[in-house]
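To keep things clear, I will list the structure first and then write my remarks on it.
Computation of the quantities below employed the complete heavy-atom set of this structure, encompassing side-chain atoms and omitting hydrogens, waters and symmetry-equivalent molecules.
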Amino acid sequence: MTSFKKKVFAVVKKIPLGTTLTYKEVANRAGYPKAFRAVGNVLNTNYDLDIPCHRVVRRNGEIGGYNRGVVEKRKLLKNETLLSRTS
DNA sequence: CATTTGACGCCAA
DNA sequence: TTTGGCGCCAAAT
């Protein structure tokens, strides 16, 4: 477990419900503003179920990929969005 | 150890 | 606005 991964995991774990951060933002918060690629790589290789990696999307707001399938990611994001909208 | 790949992003044309 | 090329970091081959 490298410090880089730990930072990335920490940042992703801190993402609030119904919130989506871009890989760039995650990398920036992790302390590696230019490592947005490595961020995706870490999530891809070391994907952990304790990590809401589905809240990490592309710069365009488009869903990048997901270890369990992009479809699941969509559903999760939609669900969380609705939950956060609970007035 | 060197090279390629990848859940990406930004700049220039 | 859309397309192409370049850069960046970590892991896999």
Side-chain angles (χ1 to χ4, degrees):
Chain A
M1 190 54 113
T2 65
S3 60
F4 176 70
K5 290 187 200 168
K6 293 205 314 193
K7 288 171 188 168
V8 174
F9 284 122
V11 172
V12 177
K13 279 195 223 165
K14 289 175 192 234
I15 300 177
L17 182 70
T19 305
T20 55
L21 284 181
T22 67
Y23 293 94
K24 184 172 174 294
E25 283 294 300
V26 174
N28 192 7
R29 289 193 182 195
Y32 296 76
K34 297 172 293 180
F36 40 78
R37 303 223 33 195
V39 173
N41 212 304
V42 168
L43 294 178
N44 184 22
T45 59
N46 268 322
Y47 57 87
D48 192 313
L49 296 172
D50 294 326
I51 310 228
C53 43
H54 58 269
R55 291 178 191 163
V56 184
V57 296
R58 288 193 54 152
R59 185 274 292 195
N60 302 323
E62 298 292 316
I63 300 178
Y66 195 49
N67 44 26
R68 308 184 61 206
V70 188
V71 184
E72 290 297 324
K73 183 169 181 176
R74 268 188 191 161
K75 286 158 69 174
L76 286 165
L77 285 173
K78 186 173 184 180
N79 185 32
E80 293 190 351
T81 302
L82 293 174
L83 288 174
S84 63
R85 282 183 187 174
T86 44
S87 307

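Between the CZ atom in A:R58 and the OG1 atom in A:T20 there is a gap of 14.0 Å [rounded to 0.5 Å].
For B:dG6, its base sits under 3.5 Å from the side chain of A:N41 at one donor and acceptor pair at least. Looking at A:R37, its side chain comes within 3.5 Å of the base of C:dG7 through a donor and an acceptor atom.
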Go through it in stages, so that I can follow the logic: the residues are A:R74 and A:I63, the test is side chain to side chain contact (heavy atoms under 4.5 Å, CB included), and I'd like the CA-CA distance, side-chain angles, deciding distance and then a yes or no. CA-CA 8 Å; A:R74 268 188 191 161; A:I63 300 178; 3.1 Å; yes

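Base pairing of C:dT2: its partner is B:dA13, meeting the Watson-Crick or G-U wobble criterion (both donor-acceptor distances under 3.5 Å). Remark: B:dT4 base-pairs with C:dA11. Criterion, Watson-Crick or G-U wobble with two distances under 3.5 Å.
Cluster note: A:V8 groups with A:M1, A:F4, A:F9, A:V11, A:V12, A:I15, A:L21, A:Y23, A:V26, A:Y32, A:F36, A:V39, A:V42, A:L43, A:I51, A:V56 through ILVMFWY side-chain heavy atoms spaced under 4.5 Å, whether in direct contact or through intervening members.
The interatomic distance linking A:F36 (CZ) with C:dG7 (C1') rounds to 7 Å, in whole Å. Rounding to whole angstrom units, CG of residue A:N60 and C1' of B:dG9 are separated by 9 Å. One atom, CD1 of A:I51, and another, P of B:dA7, lie 18 Å apart when rounded to the nearest Å.
The side-chain heavy atoms of A:C53 and A:N67, taken from C-beta on, include a pair separated by under 4.5 Å. At a threshold of 4.5 Å between non-hydrogen side-chain atoms, the residues A:E80 and A:R55 count as touching.
The cluster map of Ile, Leu, Val, Met, Phe, Trp and Tyr, joined by side-chain heavy atoms under 4.5 Å apart, puts A:L17 and A:L76 in different clusters.
A:A38 comes within 4.0 angstrom of a base, heavy atoms only. Residue A:N46 is classed as having no contact, given no heavy-atom separation below 4.0 Å to the nucleic acid.
Counting only heavy atoms from C-beta on, A:Y47 has its side chain closest to B:dA7 among B:dA7, B:dC8, B:dC10.
For residues 1-34 of chain A, proximity to DNA chain C is found at A:F4, A:K5, A:K34, defined as any non-hydrogen atom under 4.0 angstrom from a strand atom.
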